[in-house]
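Presented below is the structure to which this report refers.
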Amino acid sequence: SNAEYMGGEIDQPLGLTVDSMYIGGPGYEAGMRLGDIIIAVAGVRVPSFEKFKEIIAEQPRGKPISFVLVKSGNFGSNDECHVSEVKVTLLTTDVEFAPLGNQYYFDPSSHQKIYRSDI
């Protein structure tokens, strides 16, 4: 599962970790980056990848929708997290995430995967 969990007694997933994305794609252009955690899409919580795919499938193409994120490395003290909202214009229903821990950007101009460790 790509779900990220808060520490302590909470067993509810915080959201989904962005672990692959297209350079120059809509999420990238909106400011989303590898390691960000998607909490909600279009006002709906995304506790699982299955729920994420369901929500994305229902969204209109070509219109901006809201993604609520915890930015990568943006956890404060006392387990508080700092959230950001970005507007992403969806172009396709194709939703694919890489296995967690092998994070990469896909560069469509060179057709190459660029791994996070290379950036």
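The side chain to side chain donor-acceptor pair (under 3.5 Å) search around Lys87 returns none, not counting sequence neighbours. With sequence neighbours excluded, the residues forming a side chain to side chain donor-acceptor pair (under 3.5 Å) with Glu54 are Lys51, listed by chain and number. Checked against side chain to side chain donor-acceptor pair (under 3.5 Å), Glu58 has no partners two or more places apart in sequence or in another chain.
Closest non-hydrogen pair, Arg61 versus Ile56, comes out as NH2-O, 3.1 Å. Between Tyr28 and Tyr22, the shortest heavy-atom distance links the atoms CB-O, 3.3 Å. Nearest heavy-atom pair, Thr89 versus Pro26, reported as atom, atom and distance to 0.1 Å: O-CB, 3.1 Å. In this structure, Ala30 and Val86 approach most closely via the heavy-atom pair O-CG1, 3.3 Å. Listed here is the closest heavy atom pair of Met32 and Lys71: CA-NZ, 4.1 Å.
The side-chain contact (heavy atoms from CB on, under 4.5 Å) with Asp36 is formed by just one residue from the set Val18, Asp19, Val70, Leu16; it is Val18.
Residues Glu85 and Leu69 have side chains not in contact (no heavy-atom distance under 4.5 Å, counting atoms from C-beta outward). When side chains are defined from C-beta on, Leu34 counts as touching Met21, because their heavy atoms get closer than 4.5 Å.
Once rounded to the nearest 0.5 Å, the distance linking CZ of Arg45 with CD1 of Ile38 reads 12.5 Å.
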